[in-house]
Amino acid sequence: MHSRLWHALAATAALLASTAATAVAAPTTPAGDTGDRAPIAGNTPAWATPHTEVARSNGNTVRHIQVALALRDQAGAERLAAQLATPGSAEHGKFLSSTEFLDRFAPTQDAVDQVSQWLAKQGLHVTGVSANRHFVDAEAPTAALETAFGTKISAFRARVDGVTRTLTAPAAPVTVPTSLRASITAVLGLDDSAALLEPQHTRPNAAAAEQHCARWWGEQNNTDVPQKYPAGFQSNSLCGYTGTQVRAMYKLDKGNTGAGTTIGVVGAYNSDTVVADTNQAAAQLGVPPLTDGQYSAVLPQSGFTDAQECGAEGWNAEQTLDVQASHTIAPAAKIRYYAGKTCKGTGIYDAFNQAVTDNVVDVISNSYGNADGEASLPQAARDQFNCMALQAAIQGQTITVSTGDAGNNSGPAGHPTASFPSSSPWVVAVGGTSVGLDQNNQPKVLTGWENSGNTQSGNAWAPQRDADGPFASGAGGGTSALYDAPDWQAGVVSGSGGKRAVPDIAALADSYTGMLVGQTIKGQFGIGSYGGTSLASPLIAGLVVDAQQARSGTARAGLLTPILYSLKGSGAIADVVPQKAGVWTPMMHAFGGVAVPGGQGSYLIDFDARPQNLQSGPGWDNVTGLGTPADGFISALSQ
């Protein structure tokens, strides 16, 4: 099995390596270079085309860049990662330490020195080298970067993620001296594509929070509106589940605490109140408070930038959600938060790489993604994430990634597309469910999170006709256009055309059946319901470390997908199928890239009614993957 996985990944790497950059202008040769220069393909985003170029970039603007260096044996690392993840393999579970990875696969110190010296000769200020020697960091004015890399950096005006934006990117191939080309795989930070990575969550606004919501399914049901569904299957939108309810949802007992493990969370910026908020919320939601030293944060030494432009408050909410969701599922696990200094440039990748390099966290939850589709990020940026995720797999770290909240992304992207990094073959892609628990915490409703919106019209419900039709939010899913299907999807996923399909598994995500989270906003603490696949990813991360706790010696799981797919049909994963049910709400919930009415009214949300081309179904499906964790999931995963 592992050889097929490696061949699929190797084919993908070869395909990506052959991809040419969009721009075609000839490079210039920097002063001081000797010999020929070679281009580095894949540094130009899909939106940076000649017809969207509007102006030359300001040459005095200082940009922080990262020069990514090649692993010494990429193919060997991919083979080893596949063997480590394959049950029955002689290498299964024999993960490397970060030092062993460094000695065996990381770029050499000589390569680091050569690249650093060349950058300095070009007038760039080398600011550091990552501990795994993956990146050489530097900064310089844009004009100096253009000269060093023989390119032209311009501003482009394009519609990206449903919004017309002005973004910066190279307008000509990025080149380096031929003598260094084998060592350099990418130059990150020359474009603004990373600013399109966004948190994948929502919190209903105050008007929605003030509704007469239901504490459990059907506790409150507005009978003054048309009853579209049979008795017991139409409810007011839920207030949000407590920690006690969420733990019951996944059949966790008092012994499932994640003791002896550490969860990593990657995001941008930092909430100063996250510990106080978590503990204040815990007291009301049936969750133990954080103990001294249980939570820690790794913050950028130089502080944060671009806070207003990047919407730092949204990232703070994401951090708070991730911490409280993972703590709910694994209340004794340590949590380590890795903060990017900005949503732009290399900020998020810096944080992710630090989580991998430190190698002190067992699972890394990533609740962000590119809703404009996987192809809109430059190939070079995707390749670097995959390279870092490869190291994590070899070290035994599991990576969970939310699949997004805009369904098939046809709203923001204009066509169905998977999101990145959830489509990476090295991660667990986490989709979403809508869950209605009854008063005894038993599932009355369990279906895929793909919502359709209806507006009351007299004594009937009229399907909404927004820009994306009745679609009102839902988990991302579908088929990757970039990555070949790994062997663990063979015989399980059909109709993918031999490509990677997402998601792999799913958890609670529907904001109309969401989870209660406490957060201080503008000095005021409050508890409200959150949803999105940003909730689902840390929930799965918590379950992963609960299983690790039960494993002999709290051994890590590593790349989890082969094990998950081996559990298909075992009862450890509940198959999810459409269920005719819905909720009434006086206010639609807003997600990025999703068109819904913005005012108060009378609305009905249909669950999993296939508003796009995504819907749950028997077996693997493009909303919930294999399904959602059931009773026995922890036990099966711990074997």
Side-chain angles (χ1 to χ4, degrees), residues 160-162 196-202 318 365-377 382 385 399-425 427-434 447-452 468-469 471-483 489 493 495-496 499-511 514 530-540 561 576 589-596 607-608 610-617 620-628:
V160 181
D161 192 14
L196 304 176
L197 294 172
E198 299 174 345
Q200 307 286 329
H201 76 268
T202 194
E318 182 62 58
S365 180
N366 302 266
S367 290
Y368 56 85
N370 186 5
D372 203 41
E374 58 183 358
S376 67
L377 281 173
R382 297 190 304 267
F385 179 92
I399 300 171
T400 63
V401 179
S402 56
T403 61
D405 305 331
N408 66 11
N409 293 320
S410 58
H415 57 88
T417 173
S419 295
F420 189 85
S422 65
S423 64
S424 167
V427 309
V428 177
V430 184
T433 55
S434 303
T447 193
W449 178 42
E450 295 295 334
N451 288 341
S452 303
D468 48 10
F471 178 71
S473 69
T479 302
S480 171
L482 304 174
Y483 302 109
Q489 290 195 323
V493 178
S496 68
K499 293 295 185 180
R500 163 79 160 120
V502 296
D504 299 308
I505 198 165
L508 176 66
D510 188 347
S511 59
Y530 279 73
T533 51
S534 276
L535 169 60
S537 178
L539 291 177
I540 293 295
T561 37
V576 179
H589 298 178
F591 285 87
V594 181
V596 296
F607 288 164
D608 206 9
R610 205 173 190 271
Q612 300 175 326
N613 67 332
L614 305 181
Q615 188 178 42
S616 69
W620 183 94
D621 63 68
N622 53 22
V623 178
T624 68
L626 296 165
T628 194

task: State, with a plain yes or no, whether a side-chain heavy atom of D510 is found less than 4.5 Å away from one of F607.
output: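 Counting from C-beta outward, D510 and F607 do come under 4.5 Å.
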What is the distance from atom [atom1] of [X] to atom [atom2] of [Y], rounded to the nearest 0.5 Å?
X: T479; Y: K499; atom1: OG1; atom2: NZ; value: 10.5 Å
X: L539; Y: I505; atom1: CG; atom2: CD1; value: 11.5 Å
X: W449; Y: L535; atom1: CH2; atom2: CG; value: 9.5 Å

Looking only at non-hydrogen atoms, find the nearest pair between [X] and [Y] and report the distance.
X: P538; Y: S367; result: CD-OG, 3.6 Å
X: G432; Y: A509; result: CA-CB, 3.6 Å
X: S473; Y: F591; result: CB-CD1, 3.5 Å
X: R382; Y: E374; result: NH1-O, 3.2 Å
X: G448; Y: V576; result: N-CG1, 3.5 Å
X: S534; Y: S402; result: N-CB, 3.9 Å

task: Before giving the answer on side-chain hydrogen bond (donor to acceptor under 3.5 Å, both in side chains), spell out for S537 and S365 the whole-Å C-alpha distance, their side-chain angles and the decisive distance to 0.1 Å.
output: CA-CA 6 Å; S537 178; S365 180; 3.0 Å; yes
Answer yes or no: is there a donor N or O on one side and an acceptor on the other, between the side chain of [X] and the main chain of [Y], under 3.5 Å?
X: E450; Y: A475; result: yes
X: T533; Y: G404; result: yes
X: S511; Y: G514; result: no
X: D405; Y: G532; result: no
X: Q612; Y: F471; result: no
X: W620; Y: P503; result: yes

- request: Please determine which of V401, N366, T561 meets the side chain to side chain contact (heavy atoms under 4.5 Å, CB included) test together with V427.
  value: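 When V401, N366, T561 are each tested with V427, the side chain to side chain contact (heavy atoms under 4.5 Å, CB included) holds only for V401.
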query: Of T433, T624, D608, which is the lone residue that meets side chain to side chain donor-acceptor pair (under 3.5 Å) with S616?
result: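 In the set T433, T624, D608, the residue that makes a side chain to side chain donor-acceptor pair (under 3.5 Å) with S616 is D608.
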message: If we check side chain to side chain donor-acceptor pair (under 3.5 Å) with N408, which of these qualifies: N613, D468, T417?
response: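 So, applying the side chain to side chain donor-acceptor pair (under 3.5 Å) to N408 and each of N613, D468, T417, only N613 qualifies.
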message: Going by salt bridge (charged side-chain N to carboxylate O under 4.0 Å, His left out), name the residues that satisfy it together with D504, two or more places apart in sequence or in a different chain.
response: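 Partners of D504 under the salt bridge (charged side-chain N to carboxylate O under 4.0 Å, His left out) test: R500.
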- prompt: Mind checking what makes side-chain hydrogen bond (donor to acceptor under 3.5 Å, both in side chains) contact with T628, not counting sequence neighbours?
  reply: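 With sequence neighbours excluded, T628 shows a side-chain hydrogen bond (donor to acceptor under 3.5 Å, both in side chains) to no residue whatsoever.
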